[in-house]
Amino acid sequence: MSTPDARAGEAYPAQVLAHARQPRFQTPLPAPDAQAEGFNVLCGDRIRVMLSLRGGRIAGYAFHAQACALTVAAASMLGERLPGLDHAGVARLRDDFDALLGGAPAVPPTLGGLAEFAGLARFPARHRCAQLPFATVLAALDGRAHATTEEA
Amino acid sequence: MNAVPAGVPFDTAAIRARFPLLARTVYGGKPLVYLDNANTSQKPACVIEAVDRFYRERNANVSRAVHALSEEATGLYEGARTALARFIGAGSPQELVLTSGTTMATNLVAYSYLLPRLRPGDAVLTTVMEHHANIVPWQLVCGRTDAQVLAAPIRDSGELDVDAFVRLLGPRVKLACVTHVSNVLGTVNPIPELAAACRRRGVPLLVDGSQAVPHLPVDVRALGCDFYAFTGHKMCGPTGTGGLWARREILAQMPPFFGGGEMIREVRIEGSTFADPPARFEAGTPNIAGFAGLAEAVHFLEGIGMVRIAAREQQLLRYATARLREVPGLRILGEAPHKAAVISFLVEGAHAHDLATLLDLEGVAVRSGHHCAHPLMQRYGVPATCRASFAFYNTEAEADALVAALLKARALLA
């Protein structure tokens, strides 16, 4: 069995902590084409995402979060994968991320840096935190104002 | 009761030895530091064995058959009622309805007592520090009758604003509902003072005793309230047990809420007559094994003595509070002068859920989140807190372990 320190490292690897401390994509978009708010009431995680779109594909992304380190880091790292994706592309990315959290043996290459979340597979109570930014971006693309990952 | 005399030292090691679960470890050998007692308490072996013994030796339904087992089961169940009634200072066991917990107790009052009395424009007065179980049932019945729920404010310290509460006790208020001890702030509310104010205005008072009965000596008649709800699983008893105490004359006026077996006198297709309280409110087969366990929990707590338990937990509260103040950036939510050993806190730069995950990896079990008290979180403008809640079996060393784990978590996250 791994030590507590090793397990802490699985939930909070260095790259995840780095994004949580200094998240990217913090500059609000002046005129977003789509936006939504994600809120997990049990956790208290809250995130607002803004998107600019070009031909149905994501051209710009920003977020503002009052949330735990996992939500903030996932939102920041997700932003690096979003440019050029349409709704189907984000949904595929979300499915790949869910598979990663589910303990999939092979990490889909599409995830890039998000593969750092593999260790979170052992913390099922925290999956919804990392999943919230994905659900919120999809809500924005769907034209829905709100998202949550607490009602599976 | 055979409570230990007040002068005898509190033998925490001997008490801990009676709780099998407290000996376990987590994550490869970390001793468990269980500080989630406001959520549910651990159970001593005598309670676990009482539940086991019921199913091994006495399992039968209550009050229905004349055979020996049924009489024994009925005796156990009614014995639990008697023990609980004595434990909370009820005038008679007949004033105590056995329920699945506080939530069922408050819902019973909402539908059986309150709903038939509510008219459009009426109100129920509660406070912003309530658990959802003492808010949502009132909202549901008020929604049916065009009545409203009012909430008395609290001060920044976590104390109820008693003057505001009294001002809100207007002529349209048909019931006031206050927690005895806040599950988030630990605040012990001045129930006798509130009860006196309610009585002057003819408003019945319901007290949510979920966090009080396990930690303080409770005497419902001395408190002066009209209803007192509590739950068994927070007082060393099994889940799915609890009770509603109410004044006999109030219970006598209340119609049944749940219908079924056990609560009737005679059933005809054209109509039925109902048993007297408390059986009138106990339709169906109750949690007999659970109440056999809860009766043991009462004997166990009485054996230690609630006065001594309360005093020991105050020691732990003082120690843990002082230690937590050493953590840089830590802010305690709820600093009422009169509070129970519940400490909610925030740490600058670290979200409550991240802290709880990292504390857990060190073996320290706390709760994080909104603690079923959204209005209170909104009052303080925070999304979530961490909460360390102590019981008499906790130790100063466990408070030290909490602080050490917090410092480590903070270093990782900051």
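Reminder, nothing fancy here: chain letters follow the sequence lines and each chain counts from 1.
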*Asks:* Given that the side chain runs from C-beta out, which part of A:Val72 has a heavy atom under 4.5 Å from chain B: side chain, backbone, both or neither?
*Replies:*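 Neither; nothing under 4.5 Å.
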*Asks:* Find out whether A:Thr71 and B:His353 are in side-chain contact, i.e. whether some heavy atom of one side chain is under 4.5 Å from a heavy atom of the other.
*Replies:*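 A:Thr71 vs B:His353: side chains apart.
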*Asks:* Which pair of heavy atoms, one from B:Ala384 and one from A:Cys43, lies closest together, and at what distance?
*Replies:*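 Of all heavy-atom pairs spanning B:Ala384 and A:Cys43, the closest is CB-O, 3.4 Å.
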*Asks:* Between B:Lys408, B:Glu362, B:Met377, who has the most heavy-atom pairs with chain A when the cutoff is under 4.5 Å?
*Replies:*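 Result: the option with the highest number of such pairs is B:Lys408.
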*Asks:* Dump the intermediate steps for side chain to side chain contact (heavy atoms under 4.5 Å, CB included) on A:Asp45 and B:His351, then the final yes or no.
*Replies:* CA-CA 9 Å; A:Asp45 288 332; B:His351 191 276; 3.4 Å; yes
*Asks:* Side chain, backbone, both or neither: which part of B:Leu413 has a heavy atom under 4.5 Å from chain A?
*Replies:*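 Interface part for B:Leu413: both.
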*Asks:* Calculate, to the nearest 0.5 Å, the distance between atoms CZ and CG belonging to A:Phe123 and B:Leu361 respectively.
*Replies:*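 One gets 4.5 Å once the value is rounded to the nearest 0.5 Å.
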*Asks:* Could you tell me whether B:Glu348 atom CD has more than 12 heavy atoms of other residues or ligands within 6.0 Å of it?
*Replies:*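 No, the 6.0 Å shell around CD holds no more than 12 heavy atoms from other groups.
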*Asks:* So for A:Ala8, is it side chain, backbone, both, or neither that comes closer than 4.5 Å to the heavy atoms of chain B?
*Replies:*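 Both parts, backbone and side chain.
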*Asks:* Considering all heavy atoms of both residues, which atom of A:Gly44 and which atom of B:Pro383 are nearest to each other, and what is their separation?
*Replies:*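 In this case the closest contact between A:Gly44 and B:Pro383 is O-CB, 3.2 Å.
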*Asks:* Sort A:Leu42 into side chain, backbone, both or neither according to what part of it lies under 4.5 angstrom from a heavy atom of chain B.
*Replies:*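 Looking at A:Leu42, backbone and side chain both touch chain B.
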*Asks:* For A:Gln22, is the CD atom crowded, meaning more than 12 foreign heavy atoms sit under 6.0 Å from it?
*Replies:*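 No, the 6.0 Å shell around CD holds no more than 12 heavy atoms from other groups.
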*Asks:* Report which part of B:Ala350 has an atom under 4.5 Å of a heavy atom belonging to chain A: side chain, backbone, both, or neither.
*Replies:*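 For B:Ala350, neither part sits under 4.5 Å from chain A.
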*Asks:* Tell me, yes or no, whether the heavy-atom count around B:Gln148 atom CD, taken from other residues, nucleotides or ligands under 6.0 Å, exceeds 12.
*Replies:*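 Counting other residues, nucleotides and ligands, CD of B:Gln148 exceeds 12 neighbours.
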*Asks:* Working to the nearest 0.5 angstrom, can you tell me the gap between B:Thr357 OG1 and A:Leu70 CG?
*Replies:*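 Spacing of OG1 (B:Thr357) from CG (A:Leu70) equals 7.0 Å.
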*Asks:* Look up atom CZ in A:Arg7 and atom CG in B:Leu358, then write down how far apart they are to the nearest 0.5 Å.
*Replies:*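 Answer rounded to 0.5 Å: 11.5 Å.
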*Asks:* So what's closer than 4.5 Å to chain B heavy atoms on A:Ala125: side chain, backbone, both or neither?
*Replies:*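 Contact with chain B: none, neither part.
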*Asks:* Just wondering, are more than 12 heavy atoms of other shown residues or ligands nearer than 6.0 Å to NE2 in A:His146?
*Replies:*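 Counting other residues, nucleotides and ligands, NE2 of A:His146 stays at 12 neighbours or fewer.
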*Asks:* If you count the non-hydrogen atoms of other residues, nucleotides and ligands that lie under 6.0 Å from CZ in A:Arg144, is the total more than 12?
*Replies:*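 Result for CZ/A:Arg144: enclosed.
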*Asks:* What heavy-atom pair brings A:Arg126 and B:Asp354 nearest, and what distance separates the two atoms?
*Replies:*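 In terms of heavy atoms, the two residues are closest at NH2-OD1, 2.9 Å.
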